[in-house]
Novice: 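This structure is in structure tokens; I'll ask about it shortly.
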Amino acid sequence: MREQRTSWWLLPKRACATALIVTGHLIAALPYTMTRGGRARLAHRAPRLLTALGPFFVKAGQLLSTRRDLVPERWCDALGELADEVRKPGRAAVARTLAEAGFSDAFAEFDWEPVACGSIASVHRARLADGTEVAVKVQRHGIRPVLEADLRLVLLGARAGGLLPSLRDLPAEEMIGQLGGAVLRQLDFTAEHDSLLALRGNLSDHTELRIPEPVEGLCGPTVLTMEFVRDIGRFRPFGMSMARRQEVVRDVLRAVYRMLFVDGVVHCDLHPGNLCLDGEGRVVVLDAGFVVQLPDAVRRSFAGFFLNMAQGNGPKCADIVLDSAARLPADLDREGFRSAVTELVDEVAGALSKDFDLGAFAPRLFKLQRDFGVFAAAEFAFPLLSLLVLEGMIKEFDSEVDFQAEAVPVLMASFAKDVQVDTERRESGPSGGWAA
């Protein structure tokens with residue numbers, strides 16, 4: 001409760017700082033608004049503005065860049081260039097976080113120079129008393145109240161903007177609430193600890209996939225200690241045989257499909273910084289801060305959408321999108337939307353091999369949603385968008401990979417599991433006990 005009160009006290013200070021920064025950028029951008037071509041270039045100024053505003057706005061912008069169902073493509077492209085360009089935390093700040101977490105004397109050695117650094121946390125190499133080498137993720141001291149204040153400030157702005165007739169139909173509060181919730185969830189290292197364990201358990205049979213194991217007893221809300229993975233390199237196929245490339249691609253795809261369609265525990269941030277290779281060429285998945293637990297209904301809908309897309313059932317795909325939406329306009333042309341989605345699905349229905357391009361299909365689906373005012377639920381949108389990021393990385397390994405064919409066995413396993421669960425529920429009777 002103390003941090004929540006502090007964030008309210010920070011609100012006037014952050015409001016003044018934000019107003020000054022935004023005003024300065026608006027004045028600088030004024031010449032761009034005078035011409036049609038200049039207005040189109042305004043999007044390219046957005047990363048500079050958000051970086052100046054601070055870490056909450058950078059993180060929110062990074063997430064917003066994936067929401068092509070809501071934001072025009074040129075703005076998504078511009079926001080996609082955002083990066084966590086932040087200064088390293090000072091030794092005193094890191095030591096203070098460790099002390100407040102009760103881990104001041106937990107490490108025999110601790111390297112104060114971070115091996116990785118972002119706007120929310122830094123990662124340090126350390127050694128336990130028994131000689132075990134570990135990675136320690138330490139939250140930036142005092143970052144939570146700042147992020148909470150910025151979220152409240154943006155929500156207030158969205159509420160005020162909603163009074164304007166031109167912005168009344170834009171679901172700004174819901175959209176910012178989704179983005180802000182995703183940002184704040186990355187502050188909960190206890191949840192990230194649990195996500196690491198869940199992913200390790202669910203994907204244990206994927207022997208080519210490595211997920212760092214948390215060190216029990218040395219994890220808390222602001223400190224997360226994990227096994228240290230040596231010789232991490234970029235997710236690139238250089239030096240691999242084609243056979244090895246294909247093994248890596250299929251194992252990664254099947255693991256991601258299992259997250260999406262079977263377990264519902266989905267890593268939504270598999271960008272090149274979080275999907276790596278170790279010195280032995282095994283795939284390493286890092287940073288479980290943005291892991292989403294799909295509600296069972298959403299997981300089933302997501303699986304159903306993919307299966308019906310592969311089967312060319314456009315009307316059913318459209319119905320799934322509408323049924324899972326967070327918000328629909330009162331004057332929605334439902335039949336028009338169903339027809340447009342059916343036409344899109346019919347175009348790709350025959351592309352069950354390497355010719356299917358999710359990177360081409362998804363933006364067109366998102367544009368349809370935007371045109372018809374269909375606001376997708378974050379639980380449905382973020383996992384789909386994580387596949388878009390993954391697709392480009394995968395195709396660098398094997399341009400011939402059949403995305404849909406690799407999904408079908410996992411989808412079949414998912415539906416078989418769901419049928420079994422539903423059968424057991426019916427047999428157990430309404431009281432929860434086994435029926436006679």
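All values derive from a computational prediction rather than experimental measurement. No hydrogens, no waters, no symmetry mates; every other heavy atom, side chains included, goes into these values.
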Novice: For a quick test of reading the model, state the closest non-hydrogen atom pair linking V374 to A325 and the distance between them.
Specialist: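 Distance-wise, the nearest heavy atoms are CG1-CB, 3.9 Å.
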Novice: Can R125 and E227 be counted as an ion pair, charged N to O under 4.0 angstrom?
Specialist: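 The answer is no: the pair does not qualify as a salt bridge.
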Novice: Keeping the roles fixed (side chain from S122, backbone from C117), state whether a donor-acceptor pair exists under 3.5 Å.
Specialist: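 Judged by distance alone, no pair lies under 3.5 Å.
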Novice: Measuring only between side-chain heavy atoms, which start at C-beta, is V134 closer than 4.5 Å to R127?
Specialist: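 Not in contact.
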Novice: Is a side-chain donor or acceptor of T97 paired with a backbone partner of A93 at a separation under 3.5 angstrom?
Specialist: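 Yes; judged by distance alone, with no hydrogens or angles, the pair exists.
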Novice: Can you see which heavy atom on T51 is nearest to which on V58, and at what distance?
Specialist: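 Shortest heavy-atom separation between T51 and V58 comes out as CA-CG2, 3.7 Å.
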Novice: Any donor-acceptor pair under 3.5 Å linking the side chain of Q369 with the backbone of F375?
Specialist: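 No, because the side chain of Q369 does not come within donor-acceptor range (under 3.5 Å) of the backbone of F375.
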Novice: Donor-acceptor check, side chain of H267 to backbone of V292, threshold 3.5 angstrom: yes or no?
Specialist: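 Side chain of H267 to backbone of V292: no pair is present.
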Novice: Do L187 and E148 make a side-chain contact, defined as non-hydrogen atoms from C-beta onward lying under 4.5 Å apart?
Specialist: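 Side chain of L187 against side chain of E148, heavy atoms only: no contact under 4.5 Å found.
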Novice: With side-chain contact (heavy atoms from CB on, under 4.5 Å) as the criterion, how do L197 and E216 come out once you've worked through the C-alpha distance, each side chain's angles and the decisive distance to 0.1 Å?
Specialist: CA-CA 11 Å; L197 291 180; E216 299 302 332; 3.9 Å; yes
Novice: Run V284 and L277 through side-chain contact (heavy atoms from CB on, under 4.5 Å) and show every step you take.
Specialist: CA-CA 5 Å; V284 182; L277 294 173; over 6 Å; no
Novice: How about L98 and V138: do any of their side-chain heavy atoms sit closer than 4.5 Å?
Specialist: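 In contact.
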Novice: Do V265 and N202 pass the side-chain contact (heavy atoms from CB on, under 4.5 Å) test, and can you show the C-alpha distance, the side-chain angles, and the key distance before you say yes or no?
Specialist: CA-CA 9 Å; V265 180; N202 293 342; 3.9 Å; yes
Novice: Could you check whether atom CZ of R96 has more than 12 heavy atoms from other residues, nucleotides or ligands sitting under 6.0 Å from it?
Specialist: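 It does not: R96 CZ has 12 such atoms or fewer within range.
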Novice: Would you say that V256 contacts L270 through its side chain, given a criterion of any heavy-atom pair below 4.5 Å between the two side chains?
Specialist: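 Yes; the side chains approach each other to less than 4.5 Å.
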Novice: With the threshold set at 4.0 Å, does a side-chain nitrogen-carboxylate oxygen contact exist between D422 and R300?
Specialist: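 A salt bridge is present here (some side-chain N lies under 4.0 Å from a carboxylate O).
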Novice: Could you report the tightest heavy-atom contact between A101 and T222, atom names first, then the distance?
Specialist: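 Looking at all heavy atoms of both residues, the shortest contact is CB-OG1, 4.0 Å.
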Novice: Are the aromatic ring centres of F235 and F397 under 6.0 angstrom apart?
Specialist: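 That pair passes the under 6.0 Å test.
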Novice: Any chance you could measure D251, atom CG, to Q246, atom CD, to the nearest 0.5 Å?
Specialist: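 So the gap between those two atoms works out to 13.5 Å.
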Novice: From L199 CG over to R258 CZ, what is the distance, rounded to the nearest 0.5 angstrom?
Specialist: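 Reported value, rounded in 0.5 Å steps: 11.0 Å.
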Novice: Taking the side chain from T225 and the backbone from L218, do they hold a donor-acceptor pair closer than 3.5 Å?
Specialist: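 Pair found, side chain donor or acceptor close to backbone of L218.
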Novice: Do D418 and S414 make a side-chain contact, defined as non-hydrogen atoms from C-beta onward lying under 4.5 Å apart?
Specialist: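 Yes. Closest side-chain heavy atoms under 4.5 Å.
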Novice: Report the distance from atom CD1 of I21 to atom CZ of R48, rounding to the nearest 0.5 Å.
Specialist: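 Result: 14.0 Å between the selected atoms.
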Novice: With side-chain contact (heavy atoms from CB on, under 4.5 Å) as the criterion, how do R282 and V248 come out once you've worked through the C-alpha distance, each side chain's angles and the decisive distance to 0.1 Å?
Specialist: CA-CA 8 Å; R282 288 197 300 168; V248 168; over 6 Å; no
Novice: Which heavy atom of C219 sits nearest a heavy atom of L224, and at what distance?
Specialist: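 Result for this residue pair: SG-CD1, 3.6 Å.
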Novice: Quick one: does any side-chain atom of S204 pair with a main-chain N or O of G201 as donor and acceptor, under 3.5 Å?
Specialist: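 Checking the backbone N and O of G201 against the side chain of S204, a donor-acceptor pair under 3.5 Å is found.
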Novice: Indicate yes or no: does R299 engage D296 in a salt bridge with an N to O separation below 4.0 Å.
Specialist: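 So R299 pairs with D296 through a salt bridge.
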Novice: Quick one, V341 and L368 - any side-chain contact, counting heavy atoms below 4.5 Å?
Specialist: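 Touching, per the 4.5 Å side-chain cut-off.
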Novice: Check whether T423 reaches the backbone of V419 with its side chain - one donor and one acceptor, N or O, closer than 3.5 Å.
Specialist: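 Flag set: sc T423 to bb V419 pair under 3.5 Å.
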Novice: Rounded to the nearest 0.5 Å, how far apart are CD of E213 and NE2 of H193?
Specialist: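 Rounded to the nearest 0.5 Å, the CD-NE2 separation comes to 9.0 Å.
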Novice: Got a salt bridge between E192 and K137, using NZ or NE/NH1/NH2 to carboxylate O under 4.0 Å?
Specialist: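 The answer is yes: the pair qualifies as a salt bridge.
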Novice: Atom CG of L253 and atom CD1 of I394: how far apart are they, to the nearest 0.5 Å?
Specialist: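 Separation between the atoms: 4.5 Å.
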Novice: Find the distance between CE (M412) and CZ (F415) and round it off to the nearest 0.5 Å.
Specialist: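 Nearest 0.5 Å value for the CE-CZ distance: 6.0 Å.
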Novice: Under 4.0 Å between a Lys/Arg side-chain N and an Asp/Glu carboxylate O for E280 and R210?
Specialist: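 Salt bridge flag = no for R210 with E280.
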Novice: Provide the full list of ring pair (Phe, Tyr, Trp, His ring centres under 6.0 Å) pairs with a residue in residues 108-160, sequence neighbours left out, each pair given once.
Specialist: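 Listed once each, the pairs are F107-F110, F110-W112, F110-H124.
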Novice: Looking at side-chain heavy atoms only, is the closest gap between D323 and S301 below 4.5 Å?
Specialist: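 Not in contact.
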Novice: For the pair S324 (side chain) and V321 (backbone), establish whether a donor and an acceptor sit closer than 3.5 Å, ignoring hydrogens and angles.
Specialist: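 Looks like yes, one N/O pair under 3.5 Å.
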Novice: Are any of the side-chain heavy atoms of M226 and L196 separated by less than 4.5 Å?
Specialist: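 They are in contact (side-chain heavy atoms under 4.5 Å apart), so the answer is yes.
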Novice: What closest approach, in Å, do P237 and R245 show between heavy atoms, and which atom pair accounts for it?
Specialist: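 Taking P237 first and R245 second, the nearest heavy atoms are CB-NE, 3.5 Å.
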Novice: Salt-bridge test for E113 and K88: reply yes if a basic N is under 4.0 Å from a carboxylate O, no otherwise.
Specialist: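 Salt bridge: yes.
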